[in-house]
Protein chains: 2
Amino acid sequence: MADVADLAGVSLKTVSRVVNNAPHVQPELVERVLAAVSELGFRRNPLASSLRSGQTNATIGLLIEEIANPFYATIAGAAAEVARQHDTMLIIASSEEDPAREEQLLRDMCARRVDGLLVVPAGDDHSFLRAEIELGTPMVFLDRPAGGLLADTVLLDNRGGARAGVRRLVEAGHRRIGILLDSIGVYTMRERLDGAQDALAPAGVPYDTRLVRDGVRDPLAAARVVSELLEGPDPPTAFFSLNNRITLGVIEELHRRGSDAAVLGFDDFDVARLVPYPLTVIAYDTRELARTATELLFHRIEGDRSWPRTVVLPTELVARGAPPR
Amino acid sequence: MADVADLAGVSLKTVSRVVNNAPHVQPELVERVLAAVSELGFRRNPLASSLRSGQTNATIGLLIEEIANPFYATIAGAAAEVARQHDTMLIIASSEEDPAREEQLLRDMCARRVDGLLVVPAGDDHSFLRAEIELGTPMVFLDRPAGGLLADTVLLDNRGGARAGVRRLVEAGHRRIGILLDSIGVYTMRERLDGAQDALAPAGVPYDTRLVRDGVRDPLAAARVVSELLEGPDPPTAFFSLNNRITLGVIEELHRRGSDAAVLGFDDFDVARLVPYPLTVIAYDTRELARTATELLFHRIEGDRSWPRTVVLPTELVARGAPPR
DNA sequence: CGCTATTGTGACAACGTTGTCCAAGCCATA
DNA sequence: TATGGCTTGGACAACGTTGTCACAATAGCG
């Protein structure tokens, strides 16, 4: 900047004024400075700028579990889009579901003085962020609530969606429903399971824990569990899979066996149309989830200091897949 | 930091030494400083640090077309993983295939003094980056080559993969092959098309431009084009779709019609196993692509100043999908 | 013509760090 | 006791920028 000032024959401060479009600079000087800027290829260093001004550095952080997962990729895409509308860069970090790593990454982002933070929580204690929040870094949690912290949160209606889906199964006469889930340790899974129970009880269908299988991590495991349940005594006539990875495995196995069990799956997926089996999915708008959260974050960044909000977005039942063979 | 120094009763510089694990500080003082640090909740500001030291700021930038696209999401995931191994943060920005936006984002990232840049090019002129490269910001291009710039590049063997796939179709006796592509303006599409021609010519199969359809943007369009070709005179007996979005549409339409045309698709996709149609895909390792590029970038960051390299990764033919009904 | 507004410009310090350099203290050796 | 080396701590400037303030130049007024 000093070089530019020398070349243009003005003071360093005048250069600063020009590059910041500050008022009260003679048009002629502006011209000279701009000429010098482009001659020297000068570009303002936003880091130094935000160091001095203490103001925003036009960066927000997004913490997710795993970028390569389409759910989080969609979130990242929507967040990036909103960020871009606010001329803000997005830093993305993956916690890989590891609470220790999550804490380290969040601290690191705060140390970088991001303007705000979007967090899909992995751990269940986020009280270490309280100091940051009080220090003025706005944060919005999405998909899952923060642990031990009152903060803005945007969630899906996991429980309501599961309740509506299972109610439909029950109304269709199913009394034995196999339920497959990834991990009961995850908030969304617990909510979905609670929703299923909500729907069973009033219909007088007993909640049979032998039909509920935790720890189903991938399609292969799902296929195996379906086999077990179908070959056991008093097999289920319907399956409720609590995420789309599981749904794929369930369908594959049912298709292979030529079974006609009903399938209800939480999470939609793009190729669902192509799947050779009829199923009902509990769908939701992932982009909307992220968009809502990011917009809330920018409200906070722009100074909204009102009481923390919790927003719950609706889910929808959708019929998918090819009709049975 | 000054507050910490006061509380610990040492000089500011000593605090700096402690937080940087510098040698030659009395263990007792280290203790006092650390106590003060945790009491005051002090955290080093890496931005100010890198401003002063002029050294790395432990951040690399990744420019892709669109985060929500699984291909780019996978790239981002692999890049993030390698970055993490180097204790480096990853900034991700989407160009949305817009060259002007690409230029702006790349300039912005350079202004933020990232340690290096990973770029999936959207535009076809990147000469504006020459100044940055000379200024010492390492860059690696992946999936597509940079335009008008000699730089490190990691590519897939698009042409070879297409050649091998089409050769197999030809060897199976197909003489009329419908080819569907997204946009001839994209480098990878041109390469794949060239590969197809490479395989047709030596087998004496004419390259019939009426069978080549550009501008097929989504599965629906692909289905429509398949219909047209099949209903036209002298319909194709095989289809080569140049990306997986198109493959989905092609299969859906063929399945609907009960056709038994052969399908060759560029790009693998996770649910390919479930697809109710036999197909051959040209697969490749997206994670490996990104990993190779990111590791090359870190070599450069760590001081490798050798001549720019171009790495081409192989593709593989894989049989996928259910056997015909 | 002197007086005050108004506008344009620049000197200076500060943001939070760290590199450089010097000084003080200590010990060992001659 | 004097000399030298080694360890440790601190003063200072600098990284690239901007906020504050003061000053100079111009215009407007009686």
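Note that the coordinates shown come from a computational prediction; the quantities given were computed from them, not determined experimentally. Residue numbering restarts at 1 for every chain, and letters A, B, ... go by the order of the sequence lines.
- Between D:dT17 and A:S49, no contact under 4.0 Å exists linking OP1 or OP2 to a side-chain N or O.
- Summarising the geometry, the separation between CG on B:L29 and C1' on D:dG9 is reported as 9 Å, rounded to the nearest angstrom.
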For this session: Before giving the answer on side chain to side chain donor-acceptor pair (under 3.5 Å), spell out for A:R112 and B:T59 the whole-Å C-alpha distance, their side-chain angles and the decisive distance to 0.1 Å.
Result: CA-CA 11 Å; A:R112 278 159 200 263; B:T59 309; 2.6 Å; yes
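- The distance from atom CG of A:N20 to atom C1' of D:dT18 is 8 Å, rounded to the nearest whole Å.
- B:R17 contributes no side-chain N or O that forms a donor-acceptor pair with the base of C:dG19 under 3.5 Å.
- In this model, the phosphate group of C:dT17 is not approached by any side-chain N or O of B:S16 to a distance below 4.0 Å at OP1 or OP2.
- Dashed line: the shortest gap from a side-chain N or O of A:S11 to OP1 or OP2 of C:dT9 is not under 4.0 Å.
- The side chain of B:M1 lies closest to C:dT18 when the candidates are C:dT18, D:dT17, D:dG10.
- We find that A:E103 and A:R107 are joined by a salt bridge, their nearest charged nitrogen and carboxylate oxygen being less than 4.0 Å apart.
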Problem set entry | Per-nucleotide pairing state of DNA chain D [Watson-Crick or G-U, under 3.5 Å; [ ] pseudoknot-crossing; | other strand] | ||||||||||||||||||||||||||||||
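- Between the base of D:dG19 and the side chain of A:K13 there is a donor-acceptor pair shorter than 3.5 Å.
- Of the residues listed (A:D267, A:D157, A:N158), the one engaging A:Y284 in a side-chain hydrogen bond (donor to acceptor under 3.5 Å, both in side chains) is A:D267, and it is the only one.
- For C:dT9, the OP1/OP2 oxygens have a side-chain nitrogen or oxygen of A:Q26 closer than 4.0 Å.
- In the set D:dT18, C:dG10, C:dT9, C:dG10 carries the atom at the smallest distance from any side-chain atom of A:V10.
- Across the protein-nucleic acid pair, B:L51 atom CG and D:dG16 atom C1' stand 6 Å apart, rounded to whole Å.
- One cannot find a donor-acceptor pair under 3.5 Å joining the base of C:dT17 and the side-chain atoms of B:R52.
- Of the listed nucleotides (C:dG10, D:dG9, C:dT18), C:dT18 has the atom at the smallest distance from the side chain of B:S53.
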Exercise. What do the steps show when you test A:S306 against A:R300 for side chain to side chain donor-acceptor pair (under 3.5 Å), and what is the final call?
Worked result: CA-CA 9 Å; A:S306 59; A:R300 297 301 186 186; 3.3 Å; yes
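- Remark: A:N45 is not in phosphate contact with D:dC15, judged by side-chain N or O atoms under 4.0 Å from OP1 or OP2.
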